[in-house]
Amino acid sequence: MTTAAGAHGGHVDHEGARFGMWLFLFTEILLFGGLFILYAAYRARYPNEFHEAGGHLDAVIGVANTVILLTSSLTMAASITALRTGQRRRALASLAGTIALGVLFLVNKYFEWSGEIARGFYPDSPLLAGRPQGEQIFFGLYYSMTGLHGLHVMAGIVLLAVMLALVLRHRITGGEYHKLENAGLYWHLVDVIWVFLLPLFYLAA
Amino acid sequence: MDRTGSETHVMPYRTLVRVWLVLLGLTGALVAAGTTLHPSLSVWAMLVITPVKAGLIFYYFMHLKYEKPLLTGLVFVTLGLLVLVIGLLFSDLFYR
Amino acid sequence: MPFIPQASSAAGRVDAVFLFILVLSAVFLVFITATLVWFVIRYNRKRHPRGVDIEGNGWLEFAWTAIPTLIFITMFLYGWTNYSYMREVPRDAMVIEVTGRQWAWSFRYPNGKRTSHLLLAADRPVKLELHSLDVIHGFFIAAFRIKQDVVPGKVNYTWFVPTQLGTFDIECTVICGVSHAIMNAKAVVVPVEGFEAWYFGEEDDIPARFLKPASPAPAPAPESALELLNRKSCTECHSVDGSPMVGPTLKGIYGREGAVLDRDGRERAVMIDDDYVRRAIVDPAAEITRGYPPAMPETVMTDEELRRMVDYIRSLR
Amino acid sequence: MSSYLDTGGRGGIAGWIFSTDHKRIGILYLATMTGLFFVAVVIGVLMRVEQLVLDPPLFAPQVYNAFFTVHGVIMIFMFVLPGLGAVFGNFFLPIMIGARDVSFPRLNLMSWYAFVAGTVIVFVSLFTGDGAPDTGWTFYVPFSVRTGTNVTLGLTGVFMLGFSSILTGLNFITTIHRLRAPGMTWHRMPLFAWSLYGTAWVQLLATPIVGITLLLVIAERVFGIGVFDPAKGGDPILYQHLFWTYSHPAVYIMILPAMGAITEILPTFAHRTVFGYKAIAYSSMAIAFLGSLVWGHHMFTSGMSEQANLLFSLFTFLVAVPSAIKVFNWTSTLYKGSIEVRPPMLYALTFVFLFAIGGLTGLMQGALAVNVHLHDTYFIVGHFHYVMFGGTGVAFFAALLYWFPKMFGRTYNERVANLAWAPIFVGFNLLYFGMLVLGYMGMPRRYFTHLPQYHTGHVIASVGSFILAAGLVLFFANLVVALLRGKRAESNPWGGVTLEWRIGSPPPAENFDVIPEIQGRPYRFNPEVSE
Ligand code: HEA
Ligand code: HEA
Ligand code: CUA
Ligand SMILES: [Cu+2]
């Protein structure tokens, strides 16, 4: 988000910026909310097929990715604490760690998706066309939801990389940490969404 | 409780790590519930544990505990709206 | 309502609710407009140079919250009760299957007769089960005040008792493509005896004598070739717009060269001309188009119908 | 102090399209939206011509289908949805609450760019690929998935427009929470600001849902993801649920700021305070909230469960209550006023009348039994033109007349503005009342042709549209002349009392030298007289 300027050239309204960030997060919640609504609707309609289809996913990767994202949330929060208590190097390391974990998540995701695709589970695939309709829907939702989430992780990584650069250039400091805090809010929300995706898809079997 | 916003409050590492450990523990519990319990029970376990996890992240990592009540209230308004929408939608799906 | 006939059991009920809301609305509209105009005149700056800052009045606010709420709830209840009637199908209703597809209707009676217009017996309840083969359509008979969407993958229904003899328009109300506006058919209500004579008789489609001009609408146009293909179920397997379905599309095949397998499975090239098309329809098993299953059934039809089909397929070039 | 119109450092176009000044951004929206409005209006008139010339049709059926789709998409997503919020909200919200700008000026500019990008994408979709979209503005699946026309690109454009709307909403909420001048408590805020606040919440919370829905349709077309496709087990009715979960609240995005603007105009010309300040303020919020619970009234005939039909019909009637409250309070605001009917007031009164007709026809559609008959007929088309054109559109005109001298520092010819009113009013009612009657007779919407029994009605409506056209040309010509050659306006030509009337016309770049301290309630026209 851009900085909040209370007035032209006036002081910067940090609380306003954080408020705006939260409003933005609300829109993200509802964006995924739409997908969760669809998931609930179709799961109520095809309980058995969803159960069956969930079995084709790799729960190990799912859980591993959960641990990765939860840990990245920890390092994210830790980097803010570090920055504000004057431990700049630690903040930088923590932030870099967060980015690394995000990348790791995507690498896992890549292998997971290519695995599914190699086994013939992808939208419009001949394999799926021959399976019950509920499973086709399950995979439709699976790819939409994890795909959209993956895009958000990518956006988050870019955002955090920018923050890293700003910290390096002393544009973000212990006193001026608000941008980093807002980026952190975004990152945590992406984590929260994953927390919901895990049981819906990977543990559904 | 200190509710003056994040301007003054810094999250101690100790709290962060504790929250993280609890989150990992809950994830483990979730997996265990999914593999050992009867499906109908495990669904309930997920319905309870997952929001708790999300709540912890909101509350501590995202600092909601230390924000003004306005913001917390708005979060609940947003989630409440989502719940209302789902409820109304199911007034169609359940009876169709 | 004078604009359109009330030709079914539902019509009177719909109109009653409509009239009820219309009258109340008119009263309030006139009241508000009159008050506005009166204030503008009475408190015009010339007559009333100084305004008075009245901030509000709790009792008034209460009144004009409570009274409209009550009125609105009455409207809701009245609409709801009459709607409930429109959803409760009597046991003895005859079930007719309606199929909508781009862009025609077809009707199937319990005894298997298929028609492209809807023939109904007066004063006998009918339940329509609505199927769609492609996209969403809307089944609407204005004179009957009934409407229901026709949704693929889902069977909706509606019912009514036709109460007036005559010919009424069936229209499609959901945008379904280029010919949405001409996806029309007729509902023809005849006395029971006439209906039964047809229903238990030999004729397949609705005979012309029923489609004679009857009040209030003019007689329906003669069946088009596409409607014929719909009625004979050809379009369940063949598209006329180029998209492949169970069978090859009928669009643009005429005049081309095609590859077929004969009864012994030998492949052979054929010219798709009148003769071939005729053979393909009359004896589908003789030559199977390459790449398609031998799924096409034999269909009974008159020579006249066959001729129209061939003409039509030729015209689809 | 120099006005915001003087190009300080950067001159020319760049000074506008890179400016983060909320006033300039408001003008940018005004310019783009008026242009788009005219495009859509011309298409509207072409549709009326098509209904006159039937055999052979003047435009091919496919062209007509593209006409109403494009007309609907432009009018909804590019005109009434950004509507008064993007133009007058951007321009006046900060001034009215005593701020120098919105909370996030750069984001504000970005949302205009998103708007332009979305618009450009939609227009590109008309002329590339396999023809302009032909689904109607509702994009119902499975037709929108199967049609060969350029729906994918069209939807992408609409998605961008939604993004723009979200950013505007986010900005306004933050601005109202954070930047009110000292002393400007919630209950001292002008009612236009209140209406924008309610609107902004709807924009923020409802738009993402349609965003994801449209994305899924795109994914369906591009990857065959199959979430709504009945052939893959999907449920097309779920699409409708999600679409209307946004698009019904969206109609309140359109009407709330319009109502807000009317609430500014009526007291100014009645020269007395507004009647029932709190009732009007809270009813805006009630509309915003209840409006999110009624979407199913667009789906009564879709095959939804009867239980859902019942709930949605009930809520539909409940959401009409706050609108009724507003109408009664507006009427009472004229009581014991000192009324001057100048052009903004004339159009504002017209708004109340036309909106009431539109709203009352909405009640008819909300009643279950009646809706079965009226759904997807011209009655619906009549209803929404009454509320959107008679409501939002006319309020837009009224607001333009009211704030024009402030925004541009020039006056227009009031006689001509009054004169233009007559054909607009007459033509409007011929056109759209004609449609109501046609719909009751059973004329379905989105038809390029019609059965003979509807012809008289269509002729009347078409004639009405030509009269209306004449009026609108006069209306806008008057304003164009005023822009070029109008006399200089005073800073408070109408005797208004909200903050924007206390600064110069056109407003200075910084709005206020000193941020004002707010003492009491707004709209105190006659502080010494009381009763
Ligand atoms: C600005 C936009 C706007 C507004 C404000 C409204 C307001 C309302 N609308 Fe409308 N509506 C649309 C835009 C809008 N609508 C559009 C675009 C569509 C079609 C979409 C499409 O399919 O393409 C539509 C369609 C639509 C339908 C679906 C029709 C169908 O397709 O079958 C329904 C059904 O209930 C409905 C109802 C209402 C109601 C009850 C209100 C209420 O909010 C109205 C409340 C107002 C009043 C009631 C009048 C004022 C009050 C008084 C004068 C008080 C006194 C009165 C009494 C006590 C009786 N609308
Ligand atoms: C705010 C919204 C809005 C407005 C203002 C209008 C304005 C008009 N609309 Fe509407 N319309 C919609 C929103 C709107 N419309 C929507 C959402 C739909 C549904 C689409 C769908 O089905 O998906 C629709 C559908 C719709 C239909 C139904 C199509 C169908 O179902 O078959 C018709 C039919 O006649 C129509 C006609 C008109 C006409 C004649 C005008 C006229 O009022 C326009 C009158 C104005 C003028 C004639 C002005 C003339 C001015 C000039 C010519 C410019 C001169 C230039 C300068 C001076 C610079 N519209
Ligand atoms: Cu079928 Cu419209
Ligand atoms: Cu609605």
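Reminder, nothing fancy here: chain letters follow the sequence lines and each chain counts from 1. The basis for the numbers below is simple: all heavy atoms, side chains too, and nothing from hydrogens, waters or symmetry mates.
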Turns out that what part of D:Y277 lies under 4.5 Å from chain C's heavy atoms comes down to backbone
Report the residues that fulfil side-chain contact (heavy atoms from CB on, under 4.5 Å) with C:L77, sequence neighbours left out, ordered by chain and then residue number.
C:I73
Please look at D:V141 and chain C and tell me whether the side chain, the backbone, both or neither of the residue comes under 4.5 angstrom of a heavy atom of that chain.
backbone
Is it the side chain or the backbone of D:V274 that comes within 4.5 Å of chain C heavy atoms, both, or neither?
backbone
Contact summary for D:S302 and C:V151, nearest pair of heavy atoms:
O-CG2, 3.7 Å
For D:R146, is it the side chain, the backbone, both, or neither that has a heavy atom closer than 4.5 Å to a heavy atom of chain C?
side chain
If I compare all heavy atoms of C:P49 with all of D:S338, which pair ends up nearest, and what's the gap?
O-OG, 3.1 Å
Compare all side-chain heavy atoms of D:L310 with those of C:W80 and state whether any distance is below 4.5 angstrom.
yes
Is it the side chain or the backbone of D:V341 that comes within 4.5 Å of chain C heavy atoms, both, or neither?
side chain
D:T135 versus chain C, the contacting section by heavy-atom distance below 4.5 Å
backbone
Interchain contact, C:T69 with chain D, by part (heavy-atom threshold 4.5 Å):
both
Please classify the contact of C:V17 with chain D as side chain, backbone, both or neither, using a heavy-atom distance under 4.5 Å.
both
Donor-acceptor contact below 3.5 Å, side chain D:N526 vs main chain C:G51:
yes
Given a strict heavy-atom distance threshold of 4.5 Å, which part of D:N329 is in contact with chain C: side chain, backbone, both, or neither?
both
Between C:Y83 and D:F300, is the gap from one ring center to the other below 6.0 Å?
no
Please enumerate all residues that pass salt bridge (charged side-chain N to carboxylate O under 4.0 Å, His left out) together with D:D376, with sequence neighbours excluded.
D:R445
C:I136 CD1 to D:Y239 OH distance, which is reported to the nearest 0.5 Å
10.0 Å
Relative to chain C, which segment of D:Y523 carries a heavy atom at a distance below 4.5 Å: side chain, backbone, both, or neither?
backbone
Side chain, backbone, both or neither: which part of D:T331 has an atom under 4.5 Å from a heavy atom of chain C?
both
Okay, C:I146 and chain D: the region with an atom under 4.5 Å from a heavy atom over there is backbone
Determine which residues belonging to residues 152-159 of chain C lie within contact range of chain D, meaning some heavy atom pair is under 4.5 Å apart, and list them by number or answer 'none'.
C:P152, C:G153, C:K154, C:N156, C:Y157
Can you tell me if OH on C:Y85 sees more than 12 non-hydrogen neighbours from other groups inside 6.0 Å?
yes
Of the backbone (N, CA, C, O) and the side chain (C-beta and beyond), which part of C:E55 lies under 4.5 Å from a heavy atom of chain D, both, or neither?
both
From D:H450 NE2 over to C:N184 CG, what is the distance, rounded to the nearest 0.5 angstrom?
12.5 Å
Given a strict heavy-atom distance threshold of 4.5 Å, which part of D:L451 is in contact with chain C: side chain, backbone, both, or neither?
side chain
Residues in side-chain contact (heavy atoms from CB on, under 4.5 Å) contact with D:A270, at least two apart in sequence or another chain
D:R272, D:L334, D:I339
Need one label for C:F144: side chain, backbone, both or neither, based on atoms under 4.5 Å from any heavy atom in chain D.
neither
Is chain D contacted by the side chain of C:R87, its backbone, both, or neither, given a heavy-atom distance below 4.5 Å?
side chain
Turns out that what part of D:F315 lies under 4.5 Å from chain C's heavy atoms comes down to neither
Side chain, backbone, both or neither: which part of C:V150 has an atom under 4.5 Å from a heavy atom of chain D?
neither
Need one label for C:L60: side chain, backbone, both or neither, based on atoms under 4.5 Å from any heavy atom in chain D.
side chain
So what's closer than 4.5 Å to chain C heavy atoms on D:Q365: side chain, backbone, both or neither?
neither
How close do D:F525 and C:D53 get, counting heavy atoms only, and between which atoms?
N-OD2, 3.3 Å
